[in-house]
Each structure stands twice: as C-alpha cells, then as structure tokens.
2 protein chains.
Amino acid sequence: MFEKYVKLLKENSIKITPQRLEILKYLDENRTHPTADQIYTGLKEKNPSLSKTTVYNSVETLEEHGLIQSLTISGSESRYDFRNDMHHHFLCKKCGTIIDIDIKCPNIGKMLESGHKVEEVHGYFKGICKDCMKKETKQNGS
Amino acid sequence: MFEKYVKLLKENSIKITPQRLEILKYLDENRTHPTADQIYTGLKEKNPSLSKTTVYNSVETLEEHGLIQSLTISGSESRYDFRNDMHHHFLCKKCGTIIDIDIKCPNIGKMLESGHKVEEVHGYFKGICKDCMKKETKQNGS
DNA sequence: ATGTTAAATTGTAATGATTACAACTTAGAA
DNA sequence: TTCTAAGTTGTAATCATTACAATTTAACAT
C-alpha cells in the first residue's frame, strides 16, 4: 500500500510518518495540483487527527528534498505537484483547472551562461482551456 | 511630467486620475517589480491621501488593459512590472531581487496547436543570482 | 462655466492563506 | 526498552488581498 512512499522517503533520508505517507499518496493519486487545504480536506475524513499545519509542514519538507514541486501559478494559493520532472503548466481562467504541459524549457542553456545559478524552472501559461473553448463556441452557436 | 502616462491611459480608454498617473510613473521609474505595498509606501509621502485599496484597484485596472504585468513568482505576494512585452524573470532566493530575462518562449508554437487559448506566458527561474554567487565564492575563499 | 452621473478613491472591516508557537507525541537510534 | 531530536497538533497571530459603504471626482452634456 505505502511501500512506494516509504521507499521514496527512505531514499531521501526523510523520517517516515503516517502523515507524510498519506500526503505523498494523496498527491500521487490526485494529479490535480491540489492546494494545502484540498489535501487536508481530502485526508481529514480518514485521518481525523490530521492538522492543517502538518500538511503545510509536510509539503515544505517534501519540496525541500525535491520529492514534489510547488506552483505559484494561481497567485492566491500554492499548489502541489507529485511530479518533480521538468514540465510546464496551463491554468484555465474559466474553470480553474491546471493542466500539465509536457515541454522542456529550451532556454536553460542561455540561463546557464548568464552567471545565475538556476535551481528551479517554472513555465506558466494562462488562458482558456480546450474544453472551455468548445463550450464557448457551442453557446455562441458559431 | 505625466504626459507619457496620460497618453498611455487615453490610448486605452482608461479614465485619467492623479493616482493612476502616479502609480504608472512609479512603476516606470522603479523597474524592481515592486509589491502593492512598496508602491503604496513609495508614493504615500508625496501623496498622503493615497489609499492602499487604490493601489490594488489601479494595478488591477492597468493589468486588465494590458498596460502592466503582474508576477506571482515569489508566491507570497504579487509583483508588478511596467514592461508588458514578453520576457521572463529570475528570482534570487538569497537577496530577493527579481531580474528581467530577455528571452521569448519558443514553446508558444506548440501551445497554439494544443487547442488551449493562451493569453499569458510566464517564465520564472529561481536560484542564486550572479552577484550573490560572487559573494559566496569570496566568503568560501575558493 | 456648471451640473450631472457613473466611476474612482478612501478608510475600515472582513477574509483567506500561511506561519509562529508551545504542548504533546513519536520515529528511529543506542 | 529508553532516550531524544524531530514531528504533530491546535490555537493564535500575521500578512496580503478583497468587500463594502461613504465620499469625491473625471468627463461629458448643457
């Protein structure tokens, strides 16, 4: 059940706690880029003793060790992504969905030459997603 | 003094107010990607009646009309950029500076084919800036 | 110039995400 | 099994942002 996450934590010398395992599992199974509050609400029922502070602490630890990624695409709250490989994101301003965009940044070469030490790369696109576009054209009858 | 900004507002059919002119001028002259609070503090002394709500309202209006850009690179607060052309940003985790990176996103072509309607593109790099790197190597004596 | 009105500004209060903190609990090493 | 540093919890504080109602004003028509 949790072997996968136990392994991940062990490999990164992070102390194993039931809360961290639950949070990792939740993020792995919910690739919707949830907020801390959504993680908390999603786990609270089956883990009544869970505290929201623990969610914040845990995602911070997991991010520091590179196990997960945090996104600031929405502006108002952080979102968390189980994927830690480089990819970009698209935020639909209409339905709020955040979609993974599987492209790598071709500018990294230039950045490495700049003299700055680059540790994170975030590519955020914002607009109206494919599905909402379809709905719009249907409504307009055009 | 303010002709440039009067022109900008007129061209975009935005009602001209002293507050909006001051805020635009501040952003033009302070290309440090200031927060709403920094704009407010920077202008408050010479404009004692200025309200922080007005700063928030104004930057929102200016952004909606495409005159300025807002950045969510830091996560905890929005930052505002007088430049509205496409460019990327680098946030130094050590000194907090946000540096303009003059590269365009070569992925836009792919995005246009994706079916999503792209209205905004944000490229955020995070790490340690050139200056802080120099200081670090000096300290280490290496 | 003056009057009119919708829009903008202001100050304060509310909200919402996140952090600080102190008491309690627990994972993992000895 | 014991010990201790680290993790968890709940509550209270903080900080950015938004809501709102009263006042003021930009811009247009007269």
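Numbers restart at 1 for each chain; the letters A, B, ... are given by sequence-line order, proteins then strands. Just so it is clear, the model here is predicted, and its values are computed rather than measured.
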Strictly below 4.0 Å, N to O, side chains only: are [X] and [Y] in salt-bridge contact?
| X | Y | answer |
| --- | --- | --- |
| B/E11 | B/K7 | yes |
| A/E22 | A/K46 | no |
| A/K25 | A/E29 | yes |
| A/D37 | A/K52 | yes |
| B/E119 | B/K117 | yes |
| B/R31 | B/D100 | no |
| B/R83 | B/D102 | yes |

Q) With sugar-phosphate meaning primed atoms plus P, OP1 and OP2, does B/T61 contact a base, only sugar-phosphate, or nothing at under 4.0 Å between heavy atoms? A) nothing
Q. Just to confirm, is there a sub-4.0 Å distance from OP1 or OP2 of D/dT9 to any side-chain nitrogen or oxygen of A/Q19?
A. yes
Take the protein atom [atom1] of [X] and the nucleotide atom [atom2] of [N], then report the distance between them rounded to whole Å.
| X | N | atom1 | atom2 | answer |
| --- | --- | --- | --- | --- |
| A/I23 | D/dT8 | CD1 | C1' | 10 Å |
| B/Y40 | D/dC15 | OH | P | 16 Å |
| B/H65 | C/dA7 | NE2 | P | 12 Å |
| B/R20 | D/dT24 | CZ | C1' | 14 Å |
| A/L9 | D/dA6 | CG | C1' | 14 Å |
| B/E22 | C/dA8 | CD | P | 18 Å |
| B/K10 | D/dA26 | NZ | P | 13 Å |

Q: Would you work out how much the helix from C/dA1-D/dT30 to C/dA30-D/dT1 bends between its ends, with each end axis defined by five base pairs, to 10 degrees?
A: 40°
Q) Can you pull the salt bridge (Lys or Arg N to Asp or Glu O under 4.0 Å) pairs that have at least one residue in residues 64-82 of chain B, sequence neighbours excluded? A) B/E77-B/R79
Q.
Please encode protein proximity along nucleotides 18-29 of chain C as a string of B, S and -, counting only heavy-atom distances under 4.0 Å.
A. BBBB-----SS-
Q: Specify whether A/H89 and A/H33 have parallel, tilted or perpendicular ring planes, treating 30° as the upper limit for parallel and 60° as the lower limit for perpendicular.
A: perpendicular
Q.
From the set C/dG11, D/dG10, C/dT10, return the single nucleotide nearest to any side-chain atom of B/K44.
A. C/dG11
